[in-house]
Amino acid sequence: MKAFVTSALSAALQQLVESGTLSQVPASLELDRPKQASHGDLASNVALLLAKEARCKPRELAERIVAALPESSHIARCEVAGPGFINFFLRPEAFQEVVRRVYAEGERFGAHDFGQGETLHLEFVSANPTGPLHVGHGRGAAYGASLANILRFCGYRVFCEYYVNDAGRQMDILAASVYLRYLESAGHPLPWPYPSNAYRGDYLLPIAEALRRELGDRLLPAAAHLPDLGRFADPDEAMDALIQQLKTDLGADYAPLHRAGLETILADIRADLAEFGVHYDGWYSERSLMDSGAITRAVEALTAAGHTYVRDGALWFRSTAYGDDKDRVLRRDNGAYTYFASDVAYHADKFARGFHRLVDMWGADHHGYVARVRASLQAMGLDEAALEILLVQFAILYRGEEKVSMSTRAGEFVTLRQLRAEVGNDAARFFYVLRRADQHLDFDLELAKQRSEENPVYYIQYAHARVYSLFRQAEEQGLSTPQEQVPELAPLQDARELALADLLWRFPEVVGISARAREPHQIAFYLKELAAAFHTYYNATRILVEESAIRHARLALVRAVARTIANGLTLLGVSAPERM
RNA sequence: GCGCCCAUAGCUCAACCGGAUAGAGCAACGGCCUUCUAAGCCGUAGGUUGCAGGUUCGAUUCCUGCUGGGCGCGCCA
């Protein structure tokens, strides 16, 4: 719809360029939708922006632009208002046209091609595989998957990846935790209370039992040499001693122990995400970076370029040279690489694999890592600007008034799986993206359960189902309905009908904004607005009227509404049911 | 102390990358089912956009400072 006005406007400006009033036509002409109906259907501030260059008053320039506007079959009239706005009033045809557009484009209505087939690497969730996903991870999953859909809809080729932290100390702690549960399941009492810094969630019990079915009591003898954890003042040192002892005692059997936890939990995470409609193109293993020597190579590359130094036996990266607060350790004095070192290698590897546009979605608690990762890319001579980091704020869980503690270690958390079972995938997906990513999300379980039927997602789905109901109803009453062909749309003249059509025009605009700003919530808010406009129209206007020309036009309009709702819900990973 | 994010109606949040009189939902109050799904609609009420400056024709939006909150600041992941 904006295109109708933009073309007329640029023609007028071109004329002013030729007459010497202006030096050139601006590259982009923006049109606003005035909040007030008296300000027209679309408004341009171009005269305000160009007044200085034209050396005349904004209103005067606006008058000249209006005078130069060519005749248009879509523009009824326009007027200059306020400080120099040009307000356009459109003919009904301009609004009706959108129905034809929706019919023609169908599932592609709202799509763009500004991505131009560019490949974009999107990393999200990447939670440590030390336990099931909880409701906090769900937000990243819903946000990332929705954003991937939206970007694909705008012409990008999106490669979704999950970075699996399957190496390092956390995995050893997991292995040790599995072992302790293994002992318990064999009826073997622990010589001390279950360590506070071991993982203690119930999800470890079946893993331990499966391990016992697989290996029998083979791992039991090692229990005779468990270190006396009581003599350690620091629980971390105690845990390290336990891990070391297990590695020594179990020898080749440590690997299956290590693997048992990882594989079972990772399989659960994958299944959980798949059921949630979140699909990945790749699962990238941190261990593979280690095994392939990629980490060593990345660190050597930094060293060769003169960006590292040794202090206190550790190898440091001089990230302060690129704006970081302090330098960062790459390799500890004990020879082990830090998590940061593998992150450096991982990001370098993304470039090496041919990705030139990277989007990382991190939990907001990782914001301190932004500077150091960017610094490492710059130091390696990679295009740091190609990396975009989106920080997603916490989802804070409440049970009524009470805040629910969320410790993976302690096993006190509500899993994503539980949440999905309670409120359903559709409501969960929608609820998660209903808020801007940089806002904290208060997720009240009581409210979600108790009012699941009042969730806005039902309001939108209901609008969609109502349209299908209309077509079913028409069939039952023996009334004809418009089929594949778009019927004559001239009967759509009512203000509500034109307002509804205007909203449909906005869908492609919202999709574009949402993609560029990486803000899926824009789609969610738009859908609520569209559903509201539809319900209003539905209540005010009888659609299945006797006169077939009017009936057909109205049915075509509401069918376009249903199509648009379905397209929007699909982007958010929410279903669009035909009956409720 | 330093850094990142946030502050808008009683509550939870929007506001089309600077536009004209800042909008929804929930909560409160009052209406609408003998006709297409009441999981719906209509109406009333609710605001000095945290505070103080600056840039601009024009600021919730951009800049500076302050206040208040969240998070981070380890040779943890």
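Proteins get letters first, then strands, A, B, ... in listed order; numbering begins at 1 in each.
Within 4.0 Å of Asn334(A), counting heavy atoms only, lies no atom of the nucleic acid at all. Among the protein residues, Asp365(A) comes within range of the sugar-phosphate backbone only, with heavy atoms under 4.0 Å from sugar or phosphate atoms but none that close to a base. Ser469(A) comes within 4.0 angstrom of a nucleotide base, judged by non-hydrogen atoms across all strands. In this structure, His535(A) reaches the sugar-phosphate backbone alone: every heavy-atom distance under 4.0 Å involves primed, P, OP1 or OP2 atoms, never a base. Looking at heavy-atom distances under 4.0 Å, Ala364(A) makes contact with sugar-phosphate atoms alone, never a base. As judged by a 4.0 angstrom heavy-atom cut-off over every strand, Ser342(A) is placed among residues making no nucleic acid contact. Across all strands shown, Ala463(A) has no heavy atoms under 4.0 Å from either base or sugar-phosphate atoms. Residue Ala51(A) is classed as having no contact, given no heavy-atom separation below 4.0 Å to the nucleic acid. Here Arg542(A) lies in heavy-atom contact (under 4.0 Å) with a base. Residue contacts for Lys528(A): at a heavy-atom cut-off of 4.0 Å it reaches no nucleic acid atom on any strand shown. Counting any heavy atom pair closer than 4.0 Å across all strands shown, Asp343(A) reaches no nucleic acid atom. Counting any heavy atom pair closer than 4.0 Å across all strands shown, Gln439(A) reaches sugar-phosphate atoms only and no base atom. Contact annotation for Arg311(A): base contact, defined as any heavy-atom pair under 4.0 Å involving a base atom. If you check every strand for non-hydrogen atoms under 4.0 Å, Ile513(A) touches sugar and phosphate atoms only.
Geometrically, Arg328(A) does not engage Phe340(A) in a cation-pi contact defined by less than 6.0 Å to the ring centre and at most 45° from the axis.
Between Thr338(A) and C76(B) there is no side-chain N or O to OP1 or OP2 distance below 4.0 Å. Dashed line: the shortest gap from a side-chain N or O of Arg516(A) to OP1 or OP2 of C16(B) is not under 4.0 Å. Here Lys35(A) reaches the OP1 or OP2 of A20(B): one of its side-chain N or O atoms lies under 4.0 Å away. Listed pair Tyr458(A) / G25(B) fails the phosphate criterion, with no side-chain N or O lying under 4.0 Å from OP1 or OP2.
Judged by distance alone, with hydrogens and angles left aside, His366(A) brings no side-chain donor or acceptor close enough to the base of G72(B) to form a pair under 3.5 Å. Below the 3.5 angstrom threshold, one finds no donor paired with an acceptor across the side chain of His367(A) and the base of C5(B). At a cut-off of 3.5 angstrom, counting only N and O atoms as typed in the model, there is a donor on one side and an acceptor on the other between the side-chain of Asn45(A) and the base of G19(B).
Rounded to whole Å, the separation between the P atoms of A39(B) and C26(B) comes to 14 Å. G70(B) and G50(B) have their C1' atoms separated by 16 Å, with the value rounded to a whole Å. Taking atom C1' on both nucleotides, A24(B) is separated from G47(B) by 15 Å, rounded to a whole Å. A22(B) and A45(B) have their P atoms separated by 15 Å, with the value rounded to a whole Å. Comparing the same atom, C1', in A20(B) and in U64(B) gives a spacing of 28 Å after rounding to whole Å. A15(B) and U8(B) have their C1' atoms separated by 10 Å, given to the nearest Å. Rounded to whole Å, the separation between the P atoms of G23(B) and G69(B) comes to 31 Å. When the P atom is used for both U61(B) and U49(B), the distance is 10 Å, rounded to whole Å.
Rounded to whole Å, the distance from OH on Tyr526(A) to P on C13(B) is 25 Å. Taking atom CD1 on Ile543(A) and atom P on C36(B), their separation rounds to 12 Å, with Å as the unit. The interatomic distance linking Phe525(A) (CZ) with A15(B) (P) rounds to 7 Å, in whole Å. Straight-line distance from the NE2 atom of His521(A) to the C1' atom of C13(B): 9 Å, rounded to whole Å. Rounded to a whole Å, the CD atom of Glu509(A) is 11 Å from the P atom of C17(B). With rounding to whole Å, Leu530(A) atom CG is found 16 Å from A14(B) atom C1'. Taking atom CZ of residue Arg551(A) and atom C1' of nucleotide U35(B), one finds them 15 Å apart after rounding to whole Å. In this structure, the NZ atom of Lys326(A) is 9 Å from the C1' atom of C2(B), given to the nearest Å.
Base-pair partner of A15(B): not found among the strands shown (Watson-Crick or G-U wobble, both distances under 3.5 Å). Nucleotide A9(B) is matched to nothing when pairs are restricted to Watson-Crick or G-U wobble geometry with both distances under 3.5 angstrom. Applying the Watson-Crick and G-U wobble criteria (two distances, each under 3.5 Å), G40(B) pairs with C32(B). Across all strands shown, C76(B) has no partner, as no Watson-Crick or G-U wobble contact with both distances under 3.5 Å is found. Pairing of G65(B), defined by two Watson-Crick or G-U wobble distances under 3.5 Å, is identified with C51(B).
Shortest non-hydrogen contact noted between Ile565(A) and Leu527(A) is CA-CD2, 4.0 Å.
Residue ring and nucleobase are stacked for His39(A) and A20(B), with a centre distance beneath 5.5 angstrom and an angle between planes beneath 30°.
In this structure C33(B) sits in the syn conformation; its chi angle is within 90° of 0.
Summarising the local packing, CD of Glu475(A) is surrounded by 12 or fewer heavy atoms from other residues, nucleotides or ligands at distances under 6.0 Å. Surrounding CD of Gln477(A) are more than 12 heavy atoms belonging to other residues, nucleotides or ligands, all under 6.0 Å away.
With Asp426(A) contributing its side chain and Val574(A) its backbone, the two residues share no donor-acceptor pair below 3.5 Å. A donor-acceptor contact shorter than 3.5 Å links the side chain of Asp41(A) to the backbone of Leu90(A). When atom types are taken as modelled, the side chain of Trp505(A) and the backbone of Ala94(A) share a donor-acceptor pair closer than 3.5 angstrom.
Using modelled atom types, one finds a donor on one side chain and an acceptor on the other under 3.5 Å when comparing Glu286(A) with Ser342(A).
Between Tyr143(A) and Tyr432(A), the distance separating the two ring centers is not shorter than 6.0 angstrom.
Mapping Arg33(A) and Gln36(A) onto RNA chain B via the closest heavy atom, the residue that lands nearer the 5' end is Arg33(A). Nearest-nucleotide mapping onto RNA chain B: of Arg331(A) and Phe85(A), the residue sitting toward the 5' end is Phe85(A).
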